[in-house]
Structure formats: structure tokens, C-alpha cells
Amino acid sequence: MDYDFQEIEKKWQQRWRDSKAYKVTEDSSKQKFYVLDMFPYPSGAGLHVGHPLGYIASDVMARYKRHQGFNVLHPMGYDSFGLPAEQYAIQTGQHPAITTEKNIARYREQLDKIGFAYDWDREVRTSDPEYYRWTQWIFGLIFESWYNKDTDKAEPISTLIQKFEENGTYGVNAHIDEDWYKELDMSKFPFFGEHFAGDFTATDWKSMNEEQQQLILMHFRLAYIADSVVNWCPALGTVLANDEIKDGKSERGGHPVVQKKMRQWSMRITAYAQRLLDGLEKVDWTDNIKDIQRNWIGRSEGASVFFQVDGHNAQIEVFTTRPDTIFGVSFMTLAPEHELVKQITTDEYREAVEQYITSAQLKTERDRQADVKNVTGQFTGAYVLHPFTGEKIPVWIGEYVLAGYGTGAVMAVPAGDQRDWDFAKKFNLPIPNIFEGVDISEKAEPSKDVKLANSDFLNGMKCKQATAKVIAELEARGIGRGKINYRMRDAVFSRQRYWGEPFPIYYKGDIPYLLHPDDGQVTLPKIDKFLPTEDGEPPLARAKKEDWSVWKGDRMEYNTMPGWAGSSWYFLRYMDPKNEKEFASREKVDYWNQVDLYIGGAEHATGHLLYSRFWTKVLFDLGYIGFDEPFKKMINQGMILGRSNHVYRIEGTNTFVTAEKKDEYKTQQLYVDINLVDNDILDTEAFKKWLPEYADAEFILNDKGQYTCTFAIDKMSKRWYNVANPDDLCEKFGADTLRLYEMFLGPVEQHKPWDTKGINGVHNFLRKYWRLSHDKGNKFVVNDNAPTPAELKSLHTAIKKVTEDLNRFSWNTVVSTMMICVNELTELKCNNREVLKQLTILLSPYAPHIAEELWEKLTEGKEGSVLNAPWPAFNESYLVESDFEYPISFNGKTRFFLTLPVAMTPAEVEAAVRANENTAKYLDGKEIKKVIVVPKRIVNVVI
RNA sequence: GCGGGCGUGGCGAAAUUGGUAGACGCGCCAGACUUAGGAUCUGGUGCCGCGAGGCAUGGGGGUUCGAGUCCCUCCGCCCGCACCA
């Protein structure tokens, strides 16, 4: 064999390991470049060819930047806390740490075979106590912070306490729930009295005991515990965050999810809603991901309006984006769960209302969503007064109003909103027209570009003007105000599981306290079983007191942190992974700074990518890092799908019929292992040996005597026998071929089916490249003459294009460019040492093993590793051609070619065209209106 | 319904600011060497036509000397959100 990739790859992987070729240290004399992959969860199934796609792309970039002289940080680690290991533990009793360890070893082995340039000395594992001690520390930091809206940043809770001590709540402008004080257990605050509305004096504060102070502070903390309505997944036995739910079911496992009020930890991410929105302007991500995040945050501008309840000392606050339509309000709808429903419902309607609420509660989230078109509702008997006209407006409850958005109440304007219109139609409520010259008898008019009518002081105005006017009026009368509402909710932060970070929290009574650093680190205690306790406590409640590394107060926190905790800051730990004193030193964080290029899947848009941005902003606010967006540029790699093959068995027999003839029989479609199929042709002998039941299979073949399979594109799964495994491909073709082929398949961003057919072409390219410097006997032969102009032209064309394409992250076109270059050099029989050296550097990011091998031969070992070779400089002068064949077109149609010196100016070209005899022929007596000369491309004669 | 993206040979795909559409690879066809090989090399390969030539980037229209690229419109596919007031 000429190109012995197995030998070469083994040799260089060993040498790189031995010499720590990819070790990187901070070096202020060099410019840094930080390339990051989304670290994987080490699952039991190992890697398939889809996983490395993004890793290869980032590896190419890391190596390219290194050639360019950058100090490149390119780390890898494992997001090793998670559900599968825990569920395996529940089934087998094996500790998740052991499963995880085993899976990581397997991942590492697979990754090593592909030849990645990771600095493994910087590896992190989120489940490692040395790592999660800092996750716990950051949690503590967030717990000990509040959000000051005046400075628009998070501050230590001590600054808040100081304000309380000096002036009470006066002058405190914190991000906090508007009616936070309603959640307080007032029996614990007898001195506040019944009119307490959240304000207290310095004297009040100082007179409170510690429990009372802590209860109040909890409402200000950025990490807090509260009774909140959460998504409870009974099958998984844990709560889930909104982003972990898809279509009303758990993202993992697809189990039903119900709404339940539970005492849970949350993160006050809502404090950062606006900054998370604004920060998107500063990062280079796809519009798609940015829009998903914008949508998730869900900012809407409008107004908050108070409606007085008729006959009650109560007001109902509504949020509306169309305050200009306020004169069109003909009824009000509350969410069934709205807190005032019970209070205002009249006796006459009480039974019907309660029935309606019960039936609404019985529906799961999914049922509600599926039932959108079915309008339901119930009158409460109560009325509110219109804030401007004083008119009595009936109050209804309806499922279409969501308790979790806005205030859980809407002012219904059937003329302007289709849902209100539908509701009004169904229950025969009035539909007053408030638009000039618009017919609303068939549907609502949602346009903002129509003039208002029947609207008192808003008549004749359009939406924009009327909105400003009505908000000013509401504010002047003290019955409403302009408001910005966000759809995003605070993120639930506790999980009732074992395999996650334990909280650094202990309890005195019901009050949680943060552990002091001197208390030592809480690590996961030993437990007998990984199930929740009989009375529904999280698994950690099973641990005996003496099995805890720290035990303080009355008890420890039994919840663990969610999967996104560890991944929200891992990119910072890579910068200083061994630091025992800090999560990372400020000096190193300042050096490595933001991730310059982040590659990973788009599925984390509303999870990991949002939470990382949130934590980064908190750390920035508190002065621990110098940037507030973690990922400067991001590219989302597409999924690689599997191409599965089918065979057709005639029912009731063991005879298989080729795809061309399958319709002549009654057949059953079966999946067949893709390794038994080549180019959709089945290897029938191998098929018989594949499974015992097929040992005596018979075949009906096509006219060519072959058995043809059909195919389908599915996700890769063992079930379909369509999993392509990188180890097999490395074995058969080599890591360099695999790397090149994955990049060659198409744009990295795109979803695409894996198809091994084309891999031969890429493999042949590497063999051709090898043979440039090896003769038929595989002897290394190069010449040291000066490169010929033709060789230089071919080489520099490649240098130019490869450099440009890498700069615009177009991985796939680079491979084609290099193939063309090698084809041309083969044609030229080029074995020039200098040319091959340059070409080898170009190829090295994609195919590092073969590049390193040839580099060693070409430099006779005198120039060190190709990894450090400077990127070839492009020289324009080698590309200059003496002549160029200009296609001459008449009115856009090419008629003939004219060979002219390329150095000619457009004016000279035009003169030459006019003078040419062919021109007169095609002019056919007509006149030339204009001659357009595009340098080196085309000449168009307009006649 | 709203938001984002896409549509180019038999297939994966190129075409960077509008400038010779289909580079490169697969597959296919023919040939060579040989002779059971899924090896290698050479040539061909968008469609119609013997040919000159004509037609081609989902359909239709527009701007332009010139459109895959820009504008309008319709059709189809993928992704995200979805009673968000």
C-alpha cells in the first residue's frame, strides 16, 4: 500500500500526545483566539458520525488560526451530570459516577482517533467536585445578589441591606415582583398591619428579627426559593424548566407535564430580559437563533390599565398592547386562575364559575393547546367600570386568557382583536365599532393604520398617536401607565434528582442559608437507592446525616441543580481549569476573553445559550469578568441524518424480492444493516450471514442479477441499522479522510443525510496528494529546483481561495479547491519541494496526520512540526496571465472569443473589440450603442 | 396565524459586491490495462437537436446591456413560536 494511513495516524497521534503538541498557555505577546465546541453529554451509545461534524469544523479553524500565529484556546470537556446516567443507576444500582466515567473513557478514545487538537490538560467535567465547587460558588454569588434597576446591574445583597438600614425601602429600585409583599406570611409581620404594600422604614427593618429580614431579602435575591407554579413531570419525578418542555411533554422521554405549585429554587433571569435582548445586537449569530431568543423573551410594549370592580374595593389590572382601543372595550376576561375570581363572582354565578374552573384545571397543557379553536367561557356576574366612560363592563372568565402572561386579565376589544371578537360572537356580547369606515361585522380589524372613531378624545387618530395620548391620560389620572411586558419567566433552578450539583445551602427552620466557605464543600452524599423517598422527598433526603460532607443547621438542601447549571459557565473554567482559589483568575479571563467562535447545535437556543448569557452578565455586573456576552460568533452545525436501506420479503416466505419487482408481490418492508449494502445493492451472501433467520433466505433479483434496496432518510438509530460509526471509518479510510469527507459533504450549517458512497473520492484525493512526492515504488522523490510559473499559479490560486474561504467559514469549498490544486499539480507532474511544503500547510488543518508525515519528509525533520508552520503568503503576481480569452457578447449573447493581453485597460479592450473583424460581422450594419467591459470577465456590446 | 430559512443535473453541491450557471466529488456510460477487482488510468456526462443552434437555477411577472443572485407575486419544503392580550 502506498499511503499507509493507519501507520501514519497511529504514529502522529502518539507523538502529539507525547510532546503535548496542543498544550496552550497564556502569552500576552500573541493575539488570542478562542474556539469552542459545545461539550457533549457522555452517553452510553458513544459517538456517531454526526457528533464530530462540528468538532471537525472547529478543529480546522483552531489549526488554521494557529498557522496564522494566533495563540489558540481549543478545549474539550464533558457535561457529565444528567438524566440517563441517573436512570441507569435507578435500574441497576450502579453509581452514576461509574457509568459516567466509563462513557467518558469511550468518548475520549473515539475523539482521539479523529486527531483533534484539544489541549486535554484543560478538560473539565461538570460532575467533578473540583469543577462543581465553583458552580456552587457562582450559585452562592447569585443568591447573594439583587438587581438594582437604577444602576441597571446586579449588586451584592449587602448594598441592599445597607439601603434598608439607612432609608428602608425608600429609594430602592429593585427588580422584584410588583406584588411581592402579598406572598409574605403576614402572621410573621404583625407590625406591618393590613395596609402594608411593600414599603417599610429603616426603623421597621432594624426592628425585624433575622427570620423576618431573611424572608424579605428572599424576594430580592437573584437566586431565590419560593412557592411557584412549576412544570411537574410525575414520570421523571422532577420539575422542569420551560425550555425542557416541548408540546406540553418533557423533552427527554416525552412524558406528560402538569402545572403544580411547589416550593422551588428559581433564578431571576427576568431581571435581565432587556439586556438579554439588547446583547443580541452585539453578537454575530444567525438571525434564526436571535429570533428564537427574542421570541422567548417576548417583549411587548403597551400599557397597564386599572379597572375598578363595581361594588368591591378592588381593582383589576390588565395589560394591553393596544391601549388606543380602550373605548372599544365591551367586556373583560380573566384567566380561570385569576386571584380575584372567587372574590368578585356573584352568588348567582358561583356554581357555574366553579364548574368552569374545575373543568379547565382538569385539562392538561396539551389538551388546552389542542383545543384552541373551541371558544369557552363563563360570566362571573361581576362588573368593572370603564376608566374613562364609567360604563359597566361585564367580567367573564375564559381559558383563552393565560394566568402566566401579563396580569392574567384582558380588556376585551372585539372590534380590534379576533379572539375577543370570537368570544363576543359566541356569548352574544356587544361588538362596538371604534374604527372609521371599517366593517367589523365579519371579523375584527387588527390593523394599526386605521383611524379611531367613537373614542372620545382619540377620535380621528391612528394607533401610534392615540396610544401616546391615552397613556398620558391614564398616567395623569393615576389609573394606568405605559408598560413593557416580557413573556419570559424566571427559570426554575431545582431538580428532584441525585445526579446533579448539590446546593451549598442549609436550613434553619424554613429559611435557607448559604454555606460559608469555611464550612467546606458539599459533595454528593452516598445514598442506598437513587429513587425519591417514600414521602416524595428528593433522593438526597435518603442520605444519613453522617454521609454528608457538610451538615449544618436543621438540614441540608435536598434538591440538586438543573443540567444547565454546569454548562452556563464552563467556557470560563477552560481558561484556568486547575485554579483551586477561584473559578478562574481575572488575569486569564481577561486574556482569553470572549469565545471567538462557538460551534454547536441550534437546539440549545432557549436553554444553554440563554442561561450562559445570563450568568455571564451577572459575573460581569459583579466585576468578576470583563465582558457581558460569552460567545462573539456562533455557527450552528446541522444534524447528520442516517440513510437506511430496506429489503422486501414476500409475506409468509423467506424469499426477498428486489425493489424493481416488489410491486408484483405482497411484501413486507424490513430494515437492513447499511454495512451490507453498497450503492443500494445488497450483498446477498453477507445478508444471509447477518441474522440467523435469514440464513436460508432466497432472492428474486433484477435483470442485472442484483438485489436493489430502497432507502429512506431517518435519524441515526440502532433501530434502523443505519448508524455510521467514526471508528469503523477511521479504520477503513483513516481519520484524515473522515475529517475531509465530513467537511466536504456540504455546508456545516445544513442538515444532511450521511452517505458513505462519496468517501472514496476524498480518500483518492489524499492518495493523489501522497503520490505527488512518491514514485511507483512508494519512494519519496522531490526536486529542489525553482518552482515553475504553472506550479506557482496553481499553488497560489489555492492559497488565495483556501484563505478566503476559511475566513468566511466556508469549510466545504476549501476541500474542492485543494482537490483542484492536487489534480493540476499531478497533471504538471510537480514534485517540487517548495510547492509541496506550502500545499502541505494548506492541507494540514483538514488532514493533520498525512500533512505532518509529509512535512517531516519534505523538511527532513529540520523545521519542527507542521502545526507551527506559518500560513503560506499569497502572491498575486503568480496568478497574472499573459492572455485572457474574452467572451464577446452582443446584447447579452456570447458570439465569439477574443484573446487579448490581460493587462489591457477596459478602454483598450473596447478599442480592440471595435476594431475586430468579427464585430462588424455580428453588428450586421447596426450601430454600437455602448460597450461594457467587465475586467477579465466579459465584454458586452449593446446594439 | 406569526417569525426565520430554503427551492440549481440522477445525487451531495459550487457560483464571494448582478458578469461565461452546474466548479469539485459521487453515480452513470465508453475505452485502456488486465483478466474475476468494490483496483487504477483515459475520455464523456443538464435538457432538446445529426447540426448550426435553442432551452435551462420551483411557476409567473418586473428592473438591467446582462439576474441563480435584486424587486413583486404565486407554489412547495424545513425550522422555531403558537389563544402572549
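Scope of the values below: all heavy atoms of this structure, side chains included, with no hydrogens, waters or symmetry mates. Chain A is the first sequence line, chain B the second, and so forth, proteins listed ahead of strands; every chain is numbered from 1.
Contacts of A/Ile820 with the nucleic acid, taken as non-hydrogen atoms under 4.0 Å apart, involve only primed sugar atoms and P, OP1 or OP2. Using a 4.0 Å heavy-atom distance criterion, A/Lys801 is classed as a base contact. When heavy atoms are screened at a 4.0 angstrom cut-off, A/Asn485 is found touching no nucleic acid atom at all. A/Asn812 comes within 4.0 angstrom of the backbone, heavy atoms only, and of no base.
Contact check, A/Asn295 against B/G4: no side-chain N or O comes under 4.0 Å of OP1 or OP2.
For RNA chain B, each stem of at least three Watson-Crick or G-U pairs (distances under 3.5 Å) is given as range with range: B:1-7 with B:75-81, B:10-12 with B:24-26, B:27-32 with B:40-45, B:46-48 with B:53-55, B:58-62 with B:70-74.
Heavy atoms from other residues, nucleotides or ligands lying under 6.0 Å from NZ of A/Lys426 number more than 12. No more than 12 heavy atoms of other residues, nucleotides or ligands shown are found within 6.0 angstrom of NZ on A/Lys448.
Residues passing the ring pair (Phe, Tyr, Trp, His ring centres under 6.0 Å) test with A/Phe733 are A/His763, sequence neighbours excluded. A/Glu876 is linked by a salt bridge (charged side-chain N to carboxylate O under 4.0 Å, His left out) to nothing, counting only residues two or more places apart in sequence or in another chain. For A/Lys633, the side chain to side chain donor-acceptor pair (under 3.5 Å) criterion is met by A/Asp284, not counting sequence neighbours. Considering only residues two or more places apart in sequence or on other chains, A/Glu251 meets the salt bridge (charged side-chain N to carboxylate O under 4.0 Å, His left out) condition with A/Lys246. A/Lys793 pairs by the salt bridge (charged side-chain N to carboxylate O under 4.0 Å, His left out) definition with nothing, not counting sequence neighbours. Applying the side chain to side chain donor-acceptor pair (under 3.5 Å) rule to A/Gln418 yields the partners A/Asp422; only residues at least two apart in sequence or on another chain are considered. With sequence neighbours left out, the side chain to side chain contact (heavy atoms under 4.5 Å, CB included) criterion links A/Ala409 to A/Ile316, A/Val318, A/Leu334, A/His338, A/Thr407. Under the side chain to side chain donor-acceptor pair (under 3.5 Å) criterion, A/Asn760 pairs with no residue at all, not counting sequence neighbours. The ring pair (Phe, Tyr, Trp, His ring centres under 6.0 Å) search around A/Tyr886 returns A/Phe884, not counting sequence neighbours.
Remark: P of B/G3 and CG of A/Leu280 are 18 Å apart, rounded to the nearest angstrom. A straight line from CE of A/Met818 to P of B/G25 spans 13 Å, rounded to a whole angstrom. Atom NZ in A/Lys448 sits roughly 9 Å away from atom P in B/A85 (whole-Å rounding). Distance CG (A/Asp805) to P (B/C24): 15 Å, rounded to an integer number of Å. For A/Trp811 and B/A14, the CH2 to P distance is 14 Å, given to the nearest whole Å. Atom CG of A/Asp291 and atom P of B/G3 are 10 Å apart (whole Å). Rounded to a whole Å, the NZ atom of A/Lys483 is 12 Å from the C1' atom of B/A85. Rounded to whole angstrom, the span from the CE atom of A/Met743 across to the C1' atom of B/C26 amounts to 18 Å.
Comparing B/A14, B/C65, B/A85 by their nearest atom to the side chain of A/Thr321 picks out B/A85. Across B/A85, B/A13, B/C24, the shortest atom-to-atom separation from the side chain of A/Asn823 is found for B/C24. Checking B/G19, B/G4, B/G80 against the side-chain heavy atoms of A/Asp287 singles out B/G4 as nearest. Closest contact between the side chain of A/Thr813 and the listed nucleotides B/A14, B/C24, B/G19 involves B/A14.
Distance noted for atom C1' between B/A13 and B/A82: 35 Å (whole Å). When the P atom is used for both B/U45 and B/C24, the distance is 12 Å, rounded to whole Å. Between the C1' atoms of B/C11 and B/U64, the separation comes to 35 Å (whole Å). Between B/U63 and B/C72, the two P atoms lie 15 Å apart (nearest whole Å).
Comparing A/Asn374 and A/Asn288 by the nucleotide of RNA chain B whose heavy atom lies nearest to each, the residue mapping closer to the 5' end is A/Asn288.
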N/O to N/O distances under 3.5 Å, protein versus nucleotides 9-12 of chain B:
| from | atom 1 | to | atom 2 | distance (Å) |
| --- | --- | --- | --- | --- |
| B/G12 | O2' | A/Leu745 | O | 2.4 |

What N/O pairs connect the protein and nucleotides 32-41 of chain B at under 3.5 Å? Give each pair on its own line.
| from | atom 1 | to | atom 2 | distance (Å) |
| --- | --- | --- | --- | --- |
| B/U40 | OP1 | A/Asn764 | OD1 | 3.2 |

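Base orientation for B/G9: syn, the chi torsion being within 90° of 0.
For a distance-only test at 3.5 Å, the side chain of A/Asn940 qualifies as a donor-acceptor partner of the base of B/C65.
A/Asp673 contributes no side-chain N or O that, together with a main-chain N or O of A/Leu676, makes up a donor-acceptor pair within less than 3.5 Å.
For A/Phe331 and A/Phe427, the distance between ring centers is not under 6.0 angstrom.
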